[in-house]
Amino acid sequence: MALFSKSKNEKAWQAGNSLPKHVAIIMDGNGRWAKKRGLPRTAGHSAGAETFRKIATYCKNLGMDYLTVYAFSTENWKRPKEEVDAIMQLLEKYLVEAIEKMERDGIRLKILGDTEPLSDKLKALIERTDSISHELSGFQANICLNYGGRDEIIKAARKYAREVSEGRANDIDEKGFAAYMYSDGIPDPDLIIRPSGEIRTSNFLLWQSAYSEFYFTDVLWPDFDEAELDKALEDYAKRSRRYGGV
Ligand code: FPP
């Protein structure tokens with residue numbers, strides 16, 4: 001692992017209080033990675049799923065609390081059916097394996113997003129994953145699936161407004177609002193990473209990213225590895241987070 005081959009001095013960013021508790025990643029560049037190799041786009045997604053496995057394990061071993069990844073957005077249904085089906089199959093495969101190994105691996109899982117339009121099989125796997133994760137403690141990986149930041153805010157606003165109009169809540173405030181989001185109970189991400197050279201947030205964690213630090217890199221997601229994450233963490237450790245203060 002890249003981190004452990006560094007000198008004592010270089011590891012200072014980890015030893016101090018500067019390791020983020022929650023890292024979020026937009027797993028971008030799978031299609032371009034595949035194209036460069038003359039492979040179908042779906043091969044890029046398979047490679048991307050492997051990268052997710054590797055990075056989740058690394059985040060857990062570093063001592064983080066949460067990793068959140070953007071796997072499928074509310075807009076990704078516009079992609080060709082074969083590609084959508086391939087991503088859904090990869091997620092099914094991942095969940096089947098995760099259910100078996102969750103206790104041993106110490107990686108709890110949570111799916112964030114609107115699960116209603118998903119297949120019955122995927123919904124059942126998500127339910128099973130949730131119930132096992134509830135029994136465990138420690139590191140948690142959140143997979144955003146059929147997730148859209150605007151969609152999440154609108155759904156939360158609808159539910160909260162109904163609670164107020166029916167007299168179950170007094171007023172609308174930030175803390176109360178956060179409780180209606182998919183991310184209820186999960187601290188906001190400290191650091192959001194986007195590989196593949198794109199410099200935008202693409203509807204990812206709009207509410208939760210208000211004070212997140214951002215890190216962009218040209219590396220395509222399937223090529224992202226522990227050493228690339230170390231670079232992002234090193235950069236993050238140099239930031240001064242003021243949350244609007246001085
Ligand atoms: C963006 O790259 C990636 C996606 C829309 C899909 C991400 C899905 C996975 C990595 C697989 C399933 C995940 C897990 C957690 C098992 P892109 O296709 O837009 O790449 P491009 O911009 O190069 O075309």
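Each ligand, and each atom within it, is numbered from 1 in the order the structure gives. All residue numbers refer to positions in the sequence shown, counting from 1.
Taking distance alone, with nitrogen or oxygen atoms compared against 3.5 Å, Asn30 approaches ligand 1 more closely than that limit. Between Arg32 and ligand 1, at least one N/O pair is under 3.5 Å apart. Residue-to-ligand polar distances keep Tyr70 apart from ligand 1: every N/O pair is separated by 3.5 Å or more. At a 3.5 angstrom cut-off on N or O pairs, Gly31 counts as close to ligand 1.
No path of Ile, Leu, Val, Met, Phe, Trp and Tyr side chains, each step under 4.5 Å between heavy atoms, connects Leu145 with Met181, placing them in separate hydrophobic clusters.
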**OP:** Mind running side-chain hydrogen bond (donor to acceptor under 3.5 Å, both in side chains) on Arg242 and Ser240 for me, showing each step along the way?
**Re:** CA-CA 6 Å; Arg242 293 185 295 279; Ser240 148; 3.1 Å; yes
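Atoms of ligand 1 lying under 4.0 Å from any heavy atom of Arg79, numbered from 1 in the order shown and given with element: 5 (C), 17 (P), 18 (O), 19 (O). Close approach to Tyr94 involves these atoms of ligand 1, each under 4.0 Å from a residue heavy atom: 16 (C). Interface atoms of ligand 1 facing Leu91, defined by a heavy-atom separation under 4.0 Å, are 13 (C), 14 (C). Close contacts of ligand 1 with Phe52, meaning ligand atoms under 4.0 Å from a residue heavy atom, involve 15 (C). Residue Ala49 has at least one heavy-atom neighbour below 4.0 Å for each of these atoms of ligand 1: 10 (C), 16 (C).
Scanning for side-chain hydrogen bond (donor to acceptor under 3.5 Å, both in side chains) contacts around Tyr70 gives an empty result, with sequence neighbours left out.
Counting heavy atoms closer than 4.0 Å to ligand 1, residue Arg41 contributes side-chain atoms (C-beta onward) but none from N, CA, C or O. Neither the backbone nor the side chain of Glu75 comes within contact range of ligand 1; no heavy atom lies under 4.0 Å.
Protein heavy atom closest to atom 5 (C) of ligand 1, with residue, atom name and distance, is Asn76 OD1, 3.6 Å. Taking atom 11 (C) of ligand 1 as the reference point, the nearest protein heavy-atom neighbour is His45 O, 3.7 Å. The nearest protein atom to atom 1 (C) of ligand 1, hydrogens excluded, is given as Met27 O, 3.2 Å; this is a heavy-atom distance.
The 12-atom threshold is exceeded at CG of Asp184, counting heavy atoms of other residues, nucleotides or ligands nearer than 6.0 Å. For Arg128, the CZ atom sits in a loose shell: 12 or fewer heavy atoms of surrounding residues, nucleotides or ligands are nearer than 6.0 Å.
Using bins of under 30°, 30° to 60° and over 60° for the plane-to-plane angle, the ring pair Phe177/Tyr160 lands in the tilted bin.
Using a 4.0 Å cut-off between charged nitrogen and carboxylate oxygen, Lys231 and Asp235 do not count as a salt-bridge pair. At a threshold of 4.0 Å, the pair Asp28-Arg194 counts as salt-bridged, since one of the basic side-chain nitrogens sits closer than that to a carboxylate oxygen.
A salt bridge (charged side-chain N to carboxylate O under 4.0 Å, His left out) check over residues 214-224, counting only residues at least two apart or in different chains, returns the pairs Arg37-Asp223.
Heavy atoms of Ala71 approach ligand 1 to within less than 4.0 angstrom.
In terms of heavy atoms, Trp221 sits closest to Thr51 at O-CG2, 3.3 Å.
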